[in-house]
Each structure stands twice: as structure tokens, then as C-alpha cells.
Amino acid sequence: MSKEIPYKIYLEEHEIPKQWYNLRADMKNKPAPLIHPGTREPLTAEQMEPIFCKELVRQELDETTPMIDIPQPIQDFYKMYRPAPLIHATFLEKALDTPAKIYYKFEGNNTSGSHKLNSAIAQAYYAKAQGLKGVTTETGAGQWGTALSMACAFFDLDCLVYMVKVSYEQKPFRREVMRTYGANVTPSPSMDTEVGRKINAEHPGTTGSLGCAISEAVEAATGKEGYRYVLGSVLNQVLLHQSIIGLETHTACKKYDIRPDIIVGCAGGGSNLGGLIAPFMGEKLRGEADVRFIAVEPASCPSFTRGRYVYDFADTGQVCPMAKMYTLGHDFIPSPNHAGGLRYHGMSPVLSQLYADGLLEAKSYEQSAVFEAATLFARTEGTLPAPESSHAIKGAIDEALKCKETGEEKTIVFGLTGTGYFDMVAYQKYNDGAMTDYVPTDEDLAKGFASIPQ
Ligand SMILES: *Cc1c(COP(=O)(O)O)cnc(C)c1O
């Protein structure tokens, strides 16, 4: 007999994970290594250490250790907002009139409003443990910058954030949250860095991109004594930290005998999805269970569904190492009407390998369909979702509606990565009927592909 499943499942203290899970240890085909753009040889730890913290470099390169201890100070910080609940979306099920069972893991229950804090606190901890003065980073929509600001405040580290200019202007409140936690926020491209000045000269009036802000943050870190660069997604280490999402979900499912048939997540750089699916994908790789995994991305930034699986630069300014990933080209910038987040040109090498191996599916949606799903979710389940998260909502709703047609009682789990309180300009567009969809043409994509090195 299985226990009655509560509406919200919170793990008990003793059930909270004390280790992260490194999915790479169970992957037969390992993700391709980061390579040096000059030599095209895999990067060594010594080459990475001027950019990233030592311990994080070790995690980045470790593809054999399955379980990695979470240091006690990180566990202590996690207690402020974890465990995150796994919620049975009974109200949404009713509204959809579906026989499917829908659950979502809610990661928005902290001031940064997203899952990004799970990795921010880890990265800040290792920087502090190494005796560094501070860290630099980029932020797009602002969640990562906010999360990192909170983490740096906790460990008393200096935090320099390059914020994509369009977000800096459209999201002044995000900026102020970061400053309240003590971060220094600069709109990107700025005139403070060589790469920023170059991008400004080549593209006057540009509203910036994540790839460009990354270049600036890396330059700022490598040019300053006692600073390192930290990144909120894409990297192996970030997926490792985010495995806390999947481990908690896995424990909750085991406890109540919930067996997911389908797990859905939104994919920007791939960190929440990689974290959510990790233990379940591990079971699939070891032949212990079978689950369908679906990545959902915006049709205006379709890295998986229309991108190429090749080595490309992680950033516009080409100061970063190259990663083999599904990419639209490091010069790709989504059309200016795109308000839904998830605007990075590439994708996590771990998820890219899984997708190439047919272990992960991908889908894309236009943003007005995503906001329609967001609105339905807000009105039924109560939580105002982040536009990014709403891609996963849309993906889960579509699977639930398929179940309605076939009468199948599938179990669908999706990641609700965050809340949308700072995204009201986008919601306003949607509510005013002024939101437009733009799907890049093959010619548009060809321009981005042309920037991929041969
Ligand atoms: C950053 C972010 C994402 C996308 O990033 P991933 O690395 O793909 O997880 C999704 N949702 C929210 C709320 C975010 O802040």
C-alpha cells in the first residue's frame, strides 16, 4: 500500500541530500571537454584556474565520482530555503480535465526567485574557502545576479555583475535587489572593459547579450588580483550543484511511490533541467527505470531544436574556452521582441551529449503560447511563474492534454524554476495583447551559424 500523497511534499530534515550527484559518472558517452581556442586541446586544470576557483575546476573536470559531499556551510545555507516542495498540481489537472497526474518541483521560494541560488551559494563558498576577494559574473534577466549577490553577502565577498543592458533598463528593481545585497552592477556592453568597448564600437546602440556580458565578466575577473569568474548555468559544475533539485524530487517520489513517466523542464543553459533529471537519468542510463525527458526552449532561441552540435565559443567576445554543445552561434542574439528569457545561444555539454544520444527530447514554443500557459497556471495553482519556467508549464500541459485524448493516466513531473514578479513588463505586453512572436528564419540562423569557428 502506498501512503496517501500530500498536496505538498516537504522532505524531513534527515531526508535532505548531503551529497550532490554527478551524472557524468554514469554516462557512457561523456560530454566533450572544454577546449582551448588556440591549441584546440582540452583545457587543463592549470589553464582553468586563473578564471575559475580551484575546487570548482576540480568539479568541472571530474567525470568519475558519482557522489560529491556538500560542504556543511552550504548545507546550512540551503536550510534557509530548502527543502523545496514537490507540489501536486491538482487545480491545474482539474482545469485541464486530464487523467494525467501532474507534479511540480517549486524552486522559487527564495528572494532571488529561482533555482540559481543552489549553485550561487556553492560557488561563493569555494571562492571564500580559497581566500579570494570577490567574483565577477554576468546576468541576463537578473536571477543569477541576484542569487550570486545573496550568496556573496552571506560569505562577505565582493560581487561585480555585468547585466545585459536591455535587462538593466527594463528591470530596474532586479538591479536594486542586487545592490541591496551589496553587488556592483554595470550595464553590458560597458566601456569598462576592452571587449565591451569593442562590441560597442562594432554594434552601436546594442542592447547587449548574455554572450557579450560573459566576455566582460571574464575580462574583469582575469584582470584583477583575487577575483575569479563564476557562471550560473551551462557548466558541468553548475549542473552538479543543481542536482539537489533532482535528488530531493527523487526522494519525494520514492517516499510516496510516485513514478514519473515524463519529466519536463525549461532549458536556457540547461542547469535546472540537468539538475532535475539527474538521478532519474542516472537510473535510465543504468537500465533501472525508463522515463521520457523533455527540454522546452523558446522558438526564438532554439538551441536544441534548430542548433548545431559543434564546438563554439561560450561568449560573444571569444575570451572563454570553447564547448561542444548545441549552439546557434556565439553571435546569435534573439529578436528584440523576445521577452521570455532563456536567451543563451548554447546549451550545457552534458545535456547536449544526452540529446545527441537520443536520451533527451526537445521542443520549442512561441512566447505567446508560453504566456498563455503561465496565465492559466497562475489562475489555477496560484503561483505567478517566471516566463522561463512557463516553458516547462506549457510542455507539461501539452503532455497532459495528450493524456486526455488517449485516456492514459501518465505521471508528469516538471520543474517550476521560479517566480515572475520582476517580469511584469513582459506580462504587461501579454495582457495588452501586444506580445508578438518571432521565429527566426533559416537566413536569420545562418548569420549566427556563420560565427561558429571551423
Ligand atoms: C536562469 C533561469 C532559467 C534557465 O536557466 P537554466 O540554466 O537552463 O536552468 C530558468 N528559469 C529561471 C527562473 C531562471 O532564472
Side-chain angles (χ1 to χ4, degrees), residues 81 84 104-120 123 137-150 161 163-164 167 171 174 177-178 210 213-214 230-246 263-278 293-298 301-304 314 323 325-326 334 338-352 354-355 360 362 364 370 374 377 383-395 414-423 426:
Y81 67 101
Y104 59 97
K105 180 73 169 167
F106 180 48
E107 289 289 327
N109 209 1
N110 67 76
T111 297
S112 79
S114 84
H115 66 287
K116 294 212 172 59
L117 197 52
N118 300 331
S119 184
Q123 299 195 45
T137 199
E138 77 297 328
T139 197
Q143 288 96 322
W144 168 245
T146 309
L148 190 69
S149 305
M150 292 171 70
V161 180
M163 186 170 187
V164 177
S167 303
K171 299 188 175 181
R174 270 271 186 229
V177 176
M178 287 185 255
L210 263 185
I214 293 174
V230 293
L231 180 63
S233 184
V234 186
L235 296 173
N236 300 334
Q237 56 186 274
V238 183
L239 268 74
L240 174 71
H241 306 147
Q242 294 297 357
S243 70
I244 189 86
I245 305 172
I263 301 182
V264 186
C266 62
S271 73
N272 86 83
L273 178 64
L276 173 65
I277 68 175
F293 301 101
I294 306 174
V296 185
E297 61 186 12
C301 192
S303 324
F304 268 139
M325 57 184 176
Y326 281 86
H338 175 65
L342 309 176
R343 39 175 49 241
Y344 185 61
H345 67 270
M347 188 55 67
S348 140
V350 171
L351 293 189
S352 292
L354 295 169
Y355 184 63
L360 168 70
S364 73
V370 168
F377 185 83
T383 298
L384 180 76
E388 293 89 345
S389 323
S390 305
H391 289 76
I393 297 174
K394 173 67 180 159
F414 74 90
L416 188 72
T417 50
T419 47
Y421 309 124
F422 289 101
D423 299 288

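Counting convention: from 1, in listed order, for ligands and their atoms alike. Given the structure is predicted, the values throughout are model-derived calculations rather than measurements.
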Close N or O approach (Leu273, ligand 1; < 3.5 Å): no
Gln143: numbered ligand 1 atoms lying under 4.0 Å from its heavy atoms: 13 (C), 15 (O)
Criterion side chain to side chain contact (heavy atoms under 4.5 Å, CB included) on Val264 and Tyr104, from CA distance to verdict: CA-CA 9 Å; Val264 186; Tyr104 59 97; over 6 Å; no
Region of Glu107 engaging ligand 1 - heavy atom pairs below 4.0 Å: neither
Within-cut-off N or O pair, Asn272 and ligand 1, under 3.5 Å: yes
Numbered atoms of ligand 1 (with element) below 4.0 Å of Ser233, judged on heavy atoms: 6 (P), 7 (O)
Glu388 and Asn272 side chains, donor-acceptor separation under 3.5 Å: no
Atoms of ligand 1, numbered as shown, that sit under 4.0 Å from any heavy atom of Cys266: 10 (C)
Element-labelled atoms of ligand 1 that are located less than 4.0 Å from some non-hydrogen atom of Gly270: 6 (P), 7 (O), 8 (O)
Closest contact, heavy atoms only, Ser119 versus Val238: OG-CG1, 3.7 Å
Glu388: numbered ligand 1 atoms lying under 4.0 Å from its heavy atoms: 10 (C), 11 (N), 12 (C)
Any side-chain heavy-atom pair of Pro385 and Leu416 under 4.5 Å: yes
Heavy-atom pair with the smallest gap, counting every atom of Phe304 and Ser352: CE2-CA, 4.1 Å
Side chains of Leu351 and Ile277 in contact at under 4.5 Å (non-hydrogen atoms): yes
Nitrogen or oxygen of Gly268 less than 3.5 angstrom from that of ligand 1: yes
Where ligand 1 meets Ala267 - atom numbers and elements under 4.0 angstrom, heavy-atom basis: 8 (O)
Any N/O pair Thr417/ligand 1 closer than 3.5 Å: yes
Per-atom contacts, ligand 1 versus Ser114 - under 4.0 Å to a heavy atom: 13 (C), 15 (O)
Quiz: residues 142-150 side-chain donor-acceptor pairs under 3.5 angstrom, not counting sequence neighbours:
{"residue": "Trp144", "atom": "NE1", "partner": "Thr137", "partner atom": "OG1", "Å": "2.7"}
{"residue": "Thr146", "atom": "OG1", "partner": "Gly142", "partner atom": "O", "Å": "2.6"}
{"residue": "Ser149", "atom": "OG", "partner": "Gly145", "partner atom": "O", "Å": "2.6"}

Ligand 1-proximal atoms of Lys116, by part, heavy-atom distance under 4.0 Å: side chain
Residue part near ligand 1, for Leu342, under 4.0 Å between non-hydrogen atoms: side chain
Student check: side-chain heavy atoms of Leu276 and Gln242 closer than 4.5 Å: no
Mutual orientation of the aromatic rings belonging to Phe377 and Phe414 [parallel < 30°, tilted 30-60°, perpendicular > 60°]: perpendicular
